[in-house]
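Below is one structure, written out as structure tokens; comments come after it.
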Amino acid sequence: MIQALRGTRDILPEDVGYWQLIEQTAREIFTRAVYSEIRVPIFEQTSLFERGIGEATDIVGKEMYTFKDRGDRLITLRPEGTAGVVRSYISNKLHAQGVQRLWYSGPMFRYERPQAGRQRQFHQIGLELLGSGSPRADVEAIAIATDILQAIGLSNLQLDINSVGRGEDRQKYREALIAYLEPYKEELDQDSRDRLTRNPLRILDSKDQKTQEIAQDAPQLVEYLSDSSKKHFDTVLQLLTDLDIKYQINHCLVRGLDYYTHTAFEIQSADLGAQATVCGGGRYDGLVGELGGPETQAIGWAIGMERLVLLLQKLQESPTAKPDFYLVSRGAMAEAQGLVLAQKLRNAGFTVELDLSGSAFGKQFKRGDRSGAAACLVLGDAEAEKQTVNLKWLASGEQQAIAQSELLAMTEELKTKLSL
RNA sequence: GCGAGCGUAGCCAAGUGGUUAAGGCAGUGGAUUGUGGUUCCACCAUUCGUGGGUUCGAUUCCCAUCGUUCGCCCCA
């Protein structure tokens, strides 16, 4: 048997309702803030991600799906959305049109060990706001994220926020941190020792007891922030308070992608396992310039769809569509008329499920009942002969014979009855 | 990339080194050849993820492999 590749998953009809709920909610909220959808390619030149995300990051170093195509081009399946959107912003000179408010959704690919809430092909909805350095831009972006999460019914979420400063601030801090930690090298846990040169900021977040103690007295990133960066951060926090968005400052919060500057944030759920982050993002004022565009200030985030679905599954049954009518028919003439009637009702705006089995009426009713339909439409030889149809409301059992033409003429009445 | 657990039907599962692998849900057919939600009956795994080994004999023990779950790492 051919099985789906490791870390990929089929989203089956029984679950697709969750996905549609999330997508629809996000779309509405984006639209209200006048964000436009952008659709960019799923694969790009490998160098885009190397330059954008950073050569030293885990994502680029060991998680990308990279291959050569038949034309010998080095290609990578996108591991995240921002680099592609920024590339498009530059290629299409969108910067010439002022501030760009964009959103996207779709699959991303990372070669990781799968576990709950982590797959190799996973899906994100993301926002990118390009062309503004205002703290209000940061807060608008964050507010849209919290609105979406709230609108789909999630609570018990926590917003962690930090400022990672400008690239050069962070570089200076990084050096100071390494200088501080170096003497303790032997006392650090194995993971942290490995991170010392690669990603020292993450050491502050280590779960190891001893490492925690050492990290207590380490220099703090805030001390290295420029005055303007501090001011920006303070304003962001003030604006969040104005919007009544609760947050927690987390000085250890750093993001794994090199392009972040100033504001960095994560939204986590306590109801997930180790993969608790449902939304992550931040400001990336250097990226557009880095990739060959004009210096442009920007902020963005991405939501992990699979993780949201996991949370929703705990909260509610999968939203499924129930038909208004279930059409029961038996006999050649009746079945032909039934198909025509079903189509006409559908065109009039009703959802109609057509029983194709040709089995006994009893069986068809049983299936009709299970479909959750409000009513059955029954067509047998007798009805076909007279061009009528029996309308049976399943809740009450009440049944009436109606001319087919009349049924189609009473759509308003039916819609009222179905509360459509 | 590292550590640990798991893998019996579409789903949930019981089971044992020995001729025929419980049960439930779902599905299909029938009781009821024109009327559902209840009930009853029948059917539904030559096979226990896959490959190899040990054994007279393995779904059961061992190894490998694939998948999955949890944690580390990383991240959405």
Side-chain angles (χ1 to χ4, degrees), chain A residues 1-9 12 14 53 57-63 79-82 105-127 145 149 189-192 194-195 198-199 202-203 205-208 253-257 265-269 272-282 300-311 326 328-331 334 355 357-373 375-384 390-399 401:
Chain A
M1 192 174 53
I2 297 173
Q3 51 191 18
L5 280 171
R6 168 161 233 210
T8 67
R9 216 183 272 267
L12 298 172
E14 60 188 70
I53 300 169
T57 61
D58 274 24
I59 293 177
V60 171
K62 50 191 195 189
E63 294 178 356
E80 57 97 51
T82 300
S105 79
M108 309 292 162
F109 306 85
R110 292 181 200 171
Y111 191 87
E112 295 191 274
R113 186 87 179 255
Q115 72 189 63
R118 194 173 81 184
Q119 291 168 218
R120 290 182 174 178
Q121 176 177 337
F122 62 102
H123 299 79
Q124 292 186 333
I125 290 181
L127 169 153
L149 296 169
D189 62 285
Q190 184 59 52
D191 280 332
S192 293
D194 293 343
R195 282 186 289 216
R198 190 166 44 86
N199 195 357
R202 298 242 15 134
I203 296 176
D205 223 0
S206 171
K207 286 161 186 98
D208 182 78
L253 174 67
V254 290
R255 318 238 66 250
L257 291 71
F265 68 95
E266 270 183 18
I267 300 172
Q268 305 204 343
S269 166
L272 289 167
Q275 315 303 325
T277 303
V278 294
C279 177
W301 52 251
I303 280 176
M305 299 268 283
E306 277 79 4
R307 293 177 190 180
L308 251 44
V309 170
L310 285 174
L311 289 172
Y326 190 90
V328 167
S329 58
R330 196 149 201 230
D355 192 304
S357 69
S359 52
F361 280 99
K363 292 288 176 198
Q364 295 196 46
F365 271 100
K366 197 165 203 152
R367 281 189 283 264
D369 191 56
R370 292 210 173 173
S371 76
C376 277
L377 290 167
V378 192
L379 263 168
D381 294 334
E383 290 80 8
N390 279 358
L391 172 62
K392 176 170 182 175
W393 298 96
L394 288 172
S396 62
E398 171 199 344
Q399 185 171 207

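All of these numbers come straight from a predicted model, not from anything done at the bench. Lettering of chains follows the sequences in order, A, B, ..., and the numbering in each one begins at 1.
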With respect to the side chain of A:Val378, which nucleotide from B:rG34, B:rC72, B:rC75 is positioned closest?
B:rG34
Let's test your reading of the model: under 3.5 Å, does the base of B:rC74 pair with the side chain of A:Arg118 as donor and acceptor?
yes
Below 3.5 Å, does any donor atom in the side chain of A:Arg307 face an acceptor in the base of B:rC75, or the other way round?
yes
B:rG1 OP1/OP2 closer than 4.0 Å to side-chain N/O of A:Arg113:
no
Going by purine N1 to pyrimidine N3 plus the second Watson-Crick contact, or the G-U wobble pair, all under 3.5 Å, which nucleotide sits opposite B:rA4?
B:rU69
Categorize A:Gly300 for me: base, sugar-phosphate, or nothing, with a 4.0 angstrom heavy-atom threshold over every strand shown.
nothing
Donor-acceptor side-chain pairing of A:Arg9 and A:Gln119 below 3.5 angstrom
yes
Need the pair for B:rU55. Rule: Watson-Crick or G-U wobble, both distances under 3.5 Å, any strand; none if unpaired.
none
With sugar-phosphate meaning primed atoms plus P, OP1 and OP2, does A:Gly126 contact a base, only sugar-phosphate, or nothing at under 4.0 Å between heavy atoms?
nothing
If we ignore angles and hydrogens, is there a donor and acceptor under 3.5 Å between the side chains of A:Arg367 and A:Ser359?
yes
How long is the span from the OG1 atom in A:Thr277 to the CG atom in A:Leu272, to the nearest 0.5 Å?
9.0 Å
Counting any heavy atom closer than 4.0 Å, what does A:Gly280 reach on the DNA or RNA strands: base, sugar-phosphate only, or nothing?
sugar-phosphate
Looking at A:Glu383 and B:rG34, is any side-chain donor or acceptor paired with a base atom of the opposite kind under 3.5 Å?
yes
Answer yes or no: does a side-chain N or O of A:Gln115 lie under 4.0 Å from OP1 or OP2 of B:rG71?
yes
Between A:Ser192 and A:Arg202: side-chain donor-acceptor atoms closer than 3.5 Å:
no
Once you apply the 3.5 Å cut-off to both distances, tell me the Watson-Crick or G-U wobble partner of B:rA42, or none.
B:rU28
Are OP1 or OP2 of B:rU68 and a side-chain N or O of A:Arg6 less than 4.0 angstrom apart?
yes
Is A:Arg330 close enough to B:rU33 that one of its side-chain N or O atoms is under 4.0 Å from OP1 or OP2 there?
no
With rounding to the closest Å, how many angstrom separate the C1' atoms on B:rC11 and B:rG36?
24 Å
Polar pair under 3.5 Å, donor/acceptor by atom type, side chain A:Lys363, base B:rG36
no
Rounded interatomic separation in angstrom, taking CD from A:Gln364 and P from B:rU32:
19 Å
Given that both distances must come in under 3.5 Å, which nucleotide forms a Watson-Crick or G-U wobble pair with B:rU50?
B:rA64
Atom CD of A:Glu112 and atom P of B:rC2 are separated, to the nearest Å, by 15 Å
Let's test your reading of the model: under 3.5 Å, does the base of B:rU35 pair with the side chain of A:Gln399 as donor and acceptor?
yes
So what's B:rA22 paired with, Watson-Crick or G-U wobble, going by both distances under 3.5 Å?
none
A:Phe365 aromatic ring stacked with six-membered ring of B:rU35, 5.5 Å and 30°:
yes
Just compare B:rU28, B:rC75, B:rG34 and give me whichever is closest to any side-chain atom of A:Arg110.
B:rC75
